Trainee: 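Have a look at this one.
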Amino acid sequence: MYFKEYSEAITWIHGTLRMGIKPGLKRMEYMLTKLDHPENKNKWVHIAGTNGKGSTLTFIRNVLEQSGYKVGTFTSPYIESFNERISINGIPVDNDAIITLCNRIKPLADELAATEWGHPSEFEIITVMMFLYFAEYATIDIGLVEVGLGGRLDSTNVITPLISVVTTIGMDHMEFLGNTIHDIALEKAGIFKPDIPIVSGVIQVEVQELYKVRADDLGSAIYQLGVNFIAEKDSNQRLSYAAPGLELTNIPVGLLGDHQLNNAAVALKTVELLKEKQFQITDNQMRAGLKGSRWPGRLEKMQDSPTIYLDGAHNIEGIKALVKASDIFHGEPVKLLFTALQDKEFVEMIKLLKTIENVDIFLTTFDYPRALSVNEIEKIASENDISFVLDWKMATGKWAQDKSENVIMVTGSLYFIAEVRKMLL
């Protein structure tokens, strides 16, 4: 036994961060073969996209739970605890299971370290843990698997799912996925499999056309938002959904922001296809699932007076969605705290945030390996005519207690949002 304590296992997992991101599936195939292919022992839905993966997964999970199914989920990054990345019906794997899984996988990681492929990355280790857990230590009816990065070479792309889902396409992780929407879209399309139906929530016409050609080449049916199924806003946080054979109106949606209506529609189409694969789901269960959906750190309201929202808008597409959703502030003064990781287009993100009505922006940093340095935030703030705070905990705590404040919005890196949320709870 390598690990006796949870803290030891977690330290080992996080220690592999230094291995960096390693695109490619050879290490995954090596470990999964040694473990008798746990990835083949369950039914899956595979979800890729630049933004909206977690929200779409949450909608699908909640509908399936309402229908009485046991749903495994694999998500990243975590908001409250590491364990939540591997969950069943929203309940994270326990600490003892983490220890057991790490003890199963560490010898394989050590073997790989001596090969030409090298030691597996943190994400590869966690992905194998998930497959192994759902295959041998817990029983699920279906697993919902969120892609970590891209699709084609992502560690999760070793499954043949019941359905492949792509939520949105935007400019993110260009150092790995390419510098054009076309290139990034192709990488995401790497999760498409022959004869496996595809649900697409992408909005760019050129990507829709690209995906139609790709689906035809694979002999896979594709269901495109705005073409094969329609989402329309009824009123604030209410959706009408229409597809051949199904029309639902005035559906309450539990997650804030108009962009969530598209994510909810993609989830509904996915659920429709699951019904064709013998999952028993009623219209009322669809309604209840969407209404009851909650996803920490996604336009999440943390308190009233002053009103505090958290939103993990960590890239351009996420910031655009936040700006569009800012009408929920009703023009009230907004004090906005923001930080991004060093590899993000933070200057463009700041420009977009400035378009929020009555906003006062404060840039900060936090304790994370890829976070902006103090010198960087001072320089960026000066060049972009915004303020900065060095101690975000002190600033946030002070604002949260000040009844004269109207709206406090904290946004940016999901890793940062997780820290802020922990402090506020």
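All figures in this text were calculated on a predicted structure; none of them were measured in a lab. Values reported hereafter were calculated over all heavy atoms of this structure, with side chains retained and with hydrogens, waters and symmetry mates removed.
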Trainee: Between Asp94 and Asp96 (side chain of the first, backbone of the second, donor and acceptor by atom type, cut-off under 3.5 Å), is there such a pair?
Mentor: yes
Trainee: Between the side chain of Lys193 and the main-chain N/O of Ile191, is any donor-acceptor distance below 3.5 Å?
Mentor: yes
Trainee: Judged by modelled atom types alone, do Thr282 and Gln285 share a side-chain donor-acceptor pair under 3.5 Å?
Mentor: yes
Trainee: Write down the atom of Pro197, the atom of Lys277, and the distance for their closest heavy-atom approach.
Mentor: CG-CE, 4.2 Å
Trainee: Counting only heavy atoms from other residues, nucleotides and ligands, does the tally under 6.0 Å from NZ of Lys26 exceed 12?
Mentor: no
Trainee: Under 30°, 30 to 60°, or over 60°: which ring-plane class applies to Phe74 and Phe123, parallel, tilted or perpendicular?
Mentor: tilted
Trainee: Scan side-chain atoms only and decide if Ser373 and Glu376 contain a donor-acceptor pair under the 3.5 Å cut-off.
Mentor: yes
Trainee: Decide yes or no for Tyr69 and Leu274: does some side-chain heavy atom of the first lie under 4.5 Å from some side-chain heavy atom of the second?
Mentor: no
Trainee: Could you go step by step and tell me if Lys422 and Glu80 meet the salt bridge (Lys or Arg N to Asp or Glu O under 4.0 Å) rule?
Mentor: CA-CA 7 Å; Lys422 195 184 304 178; Glu80 295 178 273; over 6 Å; no
Trainee: Taking Asp311 for its side chain and Thr411 for its backbone only, find out whether a donor-acceptor pair lies under 3.5 Å.
Mentor: no
Trainee: With a sphere of 6.0 Å drawn around CD of Glu247, does it hold more than 12 non-hydrogen atoms of other residues, nucleotides or ligands?
Mentor: no
Trainee: Hey, does Leu290 have a side-chain heavy atom less than 4.5 Å from the side chain of Asn62?
Mentor: no
Trainee: Side chains of Asp234 and Ser240: donor-acceptor distance under 3.5 Å anywhere?
Mentor: yes
Trainee: How far does CG of Asn40 sit from OG1 of Thr160, to the nearest 0.5 angstrom?
Mentor: 7.0 Å
Trainee: Might you point out which heavy atoms bring Val166 and Gly49 nearest each other, and give the distance in Å?
Mentor: CG1-CA, 4.4 Å
Trainee: Output the distance between atom CD (Glu419) and atom OG1 (Thr339), rounded to the nearest 0.5 Å.
Mentor: 12.0 Å
Trainee: Looking only at atom types and distance, does a side-chain atom of Glu348 sit under 3.5 Å from a main-chain N or O of Glu345, one as donor and one as acceptor?
Mentor: no
Trainee: Within a reach of under 6.0 Å around NZ of Lys398, are more than 12 heavy atoms found that belong to other residues, nucleotides or ligands?
Mentor: no
Trainee: Where the side chain of Thr167 meets the backbone of Asn51, is there a donor-acceptor pair that is under 3.5 Å apart?
Mentor: yes
Trainee: Within the 4.5 Å heavy-atom criterion, are Asn157 and Leu153 side-chain neighbours or not?
Mentor: no
Trainee: What do you reckon, are the aromatic ring centroids of Tyr309 and Phe329 less than 6.0 Å apart?
Mentor: yes
Trainee: Considering only NZ, NE, NH1 and NH2 on the basic side and carboxylate oxygens on the acidic side, decide whether Arg421 and Glu300 come within less than 4.0 Å.
Mentor: yes
Trainee: Look at the side chain of Thr355 and the backbone N and O of Leu352, then say whether any donor-acceptor pair between them is shorter than 3.5 Å.
Mentor: yes
Trainee: For salt bridge (Lys or Arg N to Asp or Glu O under 4.0 Å), just list the numbers for Asp216 and Lys212, CA-CA rounded to whole Å, side-chain angles, deciding distance to a tenth of an Å, and then say yes or no.
Mentor: CA-CA 6 Å; Asp216 289 346; Lys212 181 67 171 68; 3.0 Å; yes
Trainee: Any side-chain donor paired with an acceptor under 3.5 Å for Thr16 and His119?
Mentor: no
Trainee: State whether the number of non-hydrogen atoms from other residues, nucleotides or ligands found under 6.0 Å of Lys233 atom NZ is greater than 12.
Mentor: yes
Trainee: More than 12 heavy atoms of other residues, nucleotides or ligands under 6.0 Å from CD of Glu29: yes or no?
Mentor: yes
Trainee: Has the side chain of Ser293 got a donor or acceptor atom that lies under 3.5 Å from a matching backbone atom of Gly289?
Mentor: yes
Trainee: Is there a donor-acceptor pair closer than 3.5 Å between any side-chain N or O of Lys324 and the backbone N or O of Lys320?
Mentor: no
Trainee: Would you find more than 12 non-hydrogen atoms of other residues, nucleotides or ligands less than 6.0 Å from Lys354 atom NZ?
Mentor: yes
Trainee: May I ask you to check whether over 12 heavy atoms, not counting those of Asp217, lie within 6.0 Å of atom CG?
Mentor: yes
Trainee: Take Ile105 and Met129 through the test side-chain contact (heavy atoms from CB on, under 4.5 Å) and record every step on the way to the result.
Mentor: CA-CA 7 Å; Ile105 293 165; Met129 288 171 63; 3.3 Å; yes
Trainee: Going by heavy atoms in the side chains, are Phe134 and Thr139 under 4.5 Å from each other?
Mentor: no
Trainee: For a 4.5 angstrom cut-off between non-hydrogen side-chain atoms, does Leu248 reach Leu246?
Mentor: yes
Trainee: CG/Leu256 to CG/Leu299 distance, rounded to the nearest 0.5 angstrom?
Mentor: 5.5 Å
Trainee: Under 6.0 Å between the ring centres of Phe338 and Phe362?
Mentor: no
Trainee: Tell me if the CZ atom of Arg214 is crowded by more than 12 foreign heavy atoms within 6.0 Å.
Mentor: no
Trainee: Can you find a pair of side-chain heavy atoms, one from Ile361 and one from Val359, that are under 4.5 Å apart?
Mentor: yes
Trainee: Taking all atoms of both residues into account, what is the closest heavy-atom pair of Thr58 and Arg294, and its distance?
Mentor: CG2-O, 3.3 Å
Trainee: I need the Ser387 OG to Leu363 CG distance, nearest 0.5 Å.
Mentor: 10.0 Å
Trainee: Would Leu273 and Leu162 count as a side-chain contact (heavy atoms from CB on, under 4.5 Å) here? Give the steps.
Mentor: CA-CA 9 Å; Leu273 296 176; Leu162 298 179; over 6 Å; no
Trainee: Quick one: does Val334's side chain get under 4.5 Å of Glu357's, heavy atoms only?
Mentor: no
Trainee: List the steps and the verdict of side-chain contact (heavy atoms from CB on, under 4.5 Å) for Val410 and Leu336.
Mentor: CA-CA 6 Å; Val410 183; Leu336 189 147; over 6 Å; no
Trainee: Just how far is it from atom CD1 of Ile169 to atom OG1 of Thr50, taken to the nearest 0.5 Å?
Mentor: 5.0 Å
Trainee: Considering all heavy atoms of both residues, which atom of Glu272 and which atom of Pro244 are nearest to each other, and what is their separation?
Mentor: OE2-O, 4.2 Å
Trainee: Between Tyr6 and Asn83, is any side-chain donor less than 3.5 angstrom from a side-chain acceptor?
Mentor: yes
Trainee: Do Ser55 and Gln260 get their side chains close enough for a donor-acceptor pair, meaning under 3.5 Å?
Mentor: yes
Trainee: Apply salt bridge (Lys or Arg N to Asp or Glu O under 4.0 Å) to the pair Asp304 and Lys301, showing each step before the final yes or no.
Mentor: CA-CA 8 Å; Asp304 292 301; Lys301 191 176 185 181; 2.9 Å; yes
Trainee: Looking only at atom types and distance, does a side-chain atom of Lys403 sit under 3.5 Å from a main-chain N or O of Ser305, one as donor and one as acceptor?
Mentor: yes
Trainee: Would you confirm whether the ring centroid of Tyr415 sits within less than 6.0 angstrom of the ring centroid of Phe366?
Mentor: no
Trainee: Any donor-acceptor pair under 3.5 Å linking the side chain of Gln237 with the backbone of Gly254?
Mentor: no
Trainee: Please work out whether the ring planes of Phe229 and Tyr241 are parallel, tilted or perpendicular, with thresholds of 30° and 60°.
Mentor: tilted
Trainee: Parallel under 30°, tilted from 30 to 60°, perpendicular over 60°: which one fits the rings of Phe82 and His14?
Mentor: perpendicular
Trainee: Are Glu5 and Asn95 packed together at the side-chain level, in the sense that at least one heavy-atom pair is separated by less than 4.5 angstrom?
Mentor: no
Trainee: Of the non-hydrogen atoms in Ala138 and Ile88, which two are nearest, and what is the gap between them?
Mentor: CB-CD1, 3.5 Å
Trainee: What are the two closest non-hydrogen atoms of Asp154 and Leu25, and how far apart are they?
Mentor: O-CD2, 3.0 Å
Trainee: Could you go through Leu32 and Val158, starting from their C-alpha distance and side-chain angles, then the distance that decides it, and tell me whether this counts as side-chain contact (heavy atoms from CB on, under 4.5 Å)?
Mentor: CA-CA 9 Å; Leu32 293 171; Val158 292; 3.7 Å; yes
